[in-house]
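Report on one structure; see the data block that follows.
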Amino acid sequence: MQYMLLLYSDPSGWEAMSPGQQEAAMGQYYAYTKMLIDADVMRGGEQLARPDAATTITVQSGARRIQDGPFIESKESLGGYYLIEAPDLDAALGWAEKCPGAHHGHVEVRPIIVTR
Amino acid sequence: VSEAGETAERVARAAYGRLVALLAARSRDVIAAEDALADAFAQALARWPDVGVPANPEGWLLTVARNRLTDGHRRAVRAPVSAVAPEELPDMALPDRDPDAIPDERLKLLFACAHPAIDAGIHTPLMLQCVLGLEAREIARAFLVAPDAMAQRLVRAKRKIRDAGIPFVLPGREDMAPRLEAVLEAIYGAAALDWPGGASSAGGLGGEALYLAETVAALLPGEPEAAGLAALIAHSEARGAARLVAGRFVPLPEQDPESWDRLLIDRAEAWLARAATMGRPGRFQIEAAIQSAHAARLLTGRVDAEAVALLHEGLWRIAPTHGAAVARAVAIGETRGAEAGLVALDATVGDQQRFQPALVARGHLLRRLGRREEAAAALTAALALTVEPEIREFLRGRIVQVAEGLPEDLPTPPGRLC
């Protein structure tokens, strides 16, 4: 199966860090990504720009409505994701547990629906 | 009901969980497994009366259900469920006649049902349905919820197992303790639902809980808490009939030991003895030991109050729940006097006005101190929080006795599973 690890955290925590701390945090993510690649489970993943860079659009009765900001405003927001291959939820949770995001925020583990 | 029908029903009850576990193990699709099994049972009821019961009914059902599962997608589109050609059904005389030859995967199913990714509130209903084949409306009745709501929650949980990829595996050594605790907790939940009626009360699930607990204890012979839970529930079930006499709740100290089920008590003692050999005490073992101390009244005519108080102290230390604190306070009241019991109650249980067992214990201790008005007030507050009609009846009687200053030494139920 494939699982999406959705990394939620409070972006202000990142901004409060010194450049050295930020570098160390990035190092943790690089190491984690390398671990996923070495184990051949990494299928994708990116870091997202901060939530105020988001724009939300909906089209209702043909009219498009554009709104500044993310769809859901909350203290912890989606900051990035990994797409991984895992045989079952326990294995996926095992990878999610090692993700640095689980240690300074929350990681939501969502299965991908396979369409043939 | 015909002999074939009876056999099908007996096999259904004994084998339901084993067959669901096997059928769902790879796909994790409990819903499809249950549907396929229901078809297989329908086939059995239709065919066995004509051709006789197969030598290995479980194997027959498994084969039919498996064929149904593998054909599932194709068949779902073009044919109704009942239209199976006779030649597609398995040979009546399967070579494999030993039911034990079918591997028992129920434990894996139980662990899937109590997986932390599934809402803890649905663990117990899920087990009752997937492992024992209970219908949603039976479970709903025991949980006092609407049947539709229960059915919906069960379907949602089963979809979660399938869609999230919750595996049918035994937890590794590292995860075993917390995962087993969730399984045992869910089984304990089924047993607690049954109170006060035991197997004799309508909608009671004590028998089912005992079956699940003994299944886990037998399949995990190295886990003392599993044996402890089996002992605890067997003790509780042994008193089912004594606990409820003519629709009225009878607290443990007032029960007639002669109306306890001796065979179940022996079974409970055997589980507890087995647990004790492993030298790793735990919450369920201590609760079972408390029940065992009370059951000793059958043989010795008395209860060792000091031993009971010591066990309650131990239980409260390792599992400091409000329920354990109340039971401990009552036990202290028995050994060191009602005043000491009341002090212990106040020191360990806050917000007693909203906790029924605390109010019952309070009423009991106050009455023993001769503070009748306060005792009646506590019992009246307890009555307002009680839903079970048998217990309401009991409390009403107690309130009258307290008001009239009648017999001084009435005992009180020490804990929920008594």
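Computed from heavy atoms alone, side chains included, the values below leave out hydrogens, waters and symmetry copies. Sequence lines set the chain letters: A, B, ... in the order given, protein chains first and strands last, and positions in each chain run from 1.
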request  = Answer yes or no for B:Arg283 and B:Tyr188: cation-pi contact, defined as NZ/CZ to six-membered ring centre under 6.0 Å and angle to ring axis within 45°.
outcome  =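 Positive - B:Arg283 is close enough to the ring of B:Tyr188 and near enough to its axis.
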
request  = Check whether more than 12 heavy atoms from other residues, nucleotides or ligands sit under 6.0 Å from atom CD1 of A:Ile113, and answer yes or no.
outcome  =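 12 or below, so no.
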
query = Cut-off 3.5 Å, side chains only: do B:Gln43 and B:Trp60 have a donor facing an acceptor?
reply =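 Judged by distance alone, the side chains do not pair up.
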
Put together the list of donor-acceptor pairs under 3.5 Å connecting chain B with chain A, please.
from	atom 1	to	atom 2	distance (Å)
B:Arg28	NH2	A:Pro87	O	2.9
B:His115	NE2	A:Asp90	OD1	2.6
B:Ala164	O	A:Tyr3	OH	2.7
B:Gly165	O	A:Leu89	N	2.7

task = Report the C-alpha distance between B:Leu219 and B:Leu110 in whole Å, list the side-chain angles of each, state the deciding distance to 0.1 Å, and finish with yes or no for side chain to side chain contact (heavy atoms under 4.5 Å, CB included).
result = CA-CA 11 Å; B:Leu219 293 174; B:Leu110 282 163; 5.9 Å; no

ask   = For B:Glu181, which residues count as a salt bridge (Lys or Arg N to Asp or Glu O under 4.0 Å) partner, sequence neighbours excluded?
value =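 None.
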
inquiry  = Contact between B:Val20 and B:Val30 at the side-chain level, heavy atoms closer than 4.5 Å - yes or no?
reply    =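 In contact.
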
